[in-house]
Amino acid sequence: QVQLVESGGGSVQAGGSLRLSCGATYNTACMGWFRQAPGKARERVALIGSDGVTIYLSSVKGRFTISKDDAKNTLYLQMNSLKPEDTAMYYCAARFSRSLCFVVGTSFEYWGQGTQVTVSS
């Protein structure tokens, strides 16, 4: 069982930055960040494999950076140049297998409780 605990959310003005953190009880081969705004479908924001390969939602490319510190069992999401449309609940997720990590629709076994990010214009 992997437990995930997010932190770092908050309220910022457009153009600002936030860094989200996700502490895990232990590392898995595929981890990532998802977000969901009220009334909208969940989006896959960024994923990182155990080999360090990353993928991003097109609307956040160049603004967000996913990274991990294996020694600390911690996943990060650095978010810069935030926009009001980035407002959402952000969730950390983990999948044991590296296989199919980046395939759309692949299930993740473990989820954090979420941290709210609010960006005002």
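What you see is a predicted model; the values in this text were computed from it and never measured.
With contacts defined as side-chain heavy-atom distances shorter than 4.5 Å, the pair Ile66/Phe64 does not qualify. Under the 4.5 Å side-chain criterion, counting only non-hydrogen atoms from C-beta, Leu4 is not in contact with Leu75. No side-chain heavy atom of Val53 sits less than 4.5 Å from a side-chain heavy atom of Ile48. No side-chain heavy atom of Ser67 sits under 4.5 Å from any side-chain heavy atom of Gln78. Between Thr65 and Tyr56 the shortest side-chain heavy-atom distance falls below 4.5 Å. No side-chain heavy atom of Tyr90 sits under 4.5 Å from any side-chain heavy atom of Gln36.
Considering SG of Cys22 and CG of Leu77, their distance stands at 10.5 Å, rounded to 0.5 Å. Expressed to the nearest 0.5 Å, how far NZ of Lys68 lies from OG1 of Thr54 amounts to 11.0 Å. Between the SG atom in Cys30 and the CZ atom in Phe108 there is a gap of 3.5 Å [rounded to 0.5 Å]. Between atom OH of residue Tyr26 and atom CG of residue Asn73 there is a gap of 10.5 Å, rounded to the nearest 0.5 Å. For the atom pair Ser50 OG and Asn27 CG, the distance stands at 9.5 Å (nearest 0.5 Å). In this structure, the separation between CG on Leu57 and CZ on Arg44 is 8.5 Å, given to the nearest 0.5 Å.
A distance-only check finds a donor-acceptor pair linking the side chain of Thr28 to the backbone of Arg95 [under 3.5 Å]. Remark: side-chain polar atoms of Thr87 are paired, donor with acceptor, to backbone N or O of Val119 under 3.5 angstrom. For Glu6 (side chain) and Gln113 (main-chain N/O), a donor-acceptor pair under 3.5 Å exists by modelled atom type. Distance alone, capped at 3.5 Å, places no donor-acceptor pair between the Thr118 side chain and the Ser11 backbone. Using modelled atom types, one side-chain atom of Trp33 and one backbone atom of Tyr76 make a donor-acceptor pair closer than 3.5 Å. In this structure a side-chain-to-backbone donor-acceptor pair under 3.5 Å is present from Arg63 to Ser81. When atom types are taken as modelled, the side chain of Arg35 and the backbone of Gln116 share no donor-acceptor pair closer than 3.5 angstrom. Remark: the backbone N or O of Gln3 is paired with a side-chain donor or acceptor of Thr25 at under 3.5 angstrom.
As a member of the Ile/Leu/Val/Met/Phe/Trp/Tyr network built from side-chain separations under 4.5 Å, Leu100 groups with Val103.
The environment of Glu109 atom CD is dense: over 12 non-hydrogen atoms of other residues, nucleotides or ligands sit within 6.0 angstrom.
A cation-pi arrangement is absent between Arg98 and Phe96, since the terminal nitrogen or guanidinium carbon is not both under 6.0 Å from the aromatic centre and inside a 45° cone about the axis. For Arg42 and Phe34, the positive end sits near the middle of the six-membered ring, less than 6.0 Å away and at most 45° from its axis.
Partners of Glu85 by salt bridge (charged side-chain N to carboxylate O under 4.0 Å, His left out), not counting sequence neighbours: none found.
Side-chain polar atoms of Thr74 and Asp69 form no donor-acceptor pair below 3.5 angstrom.
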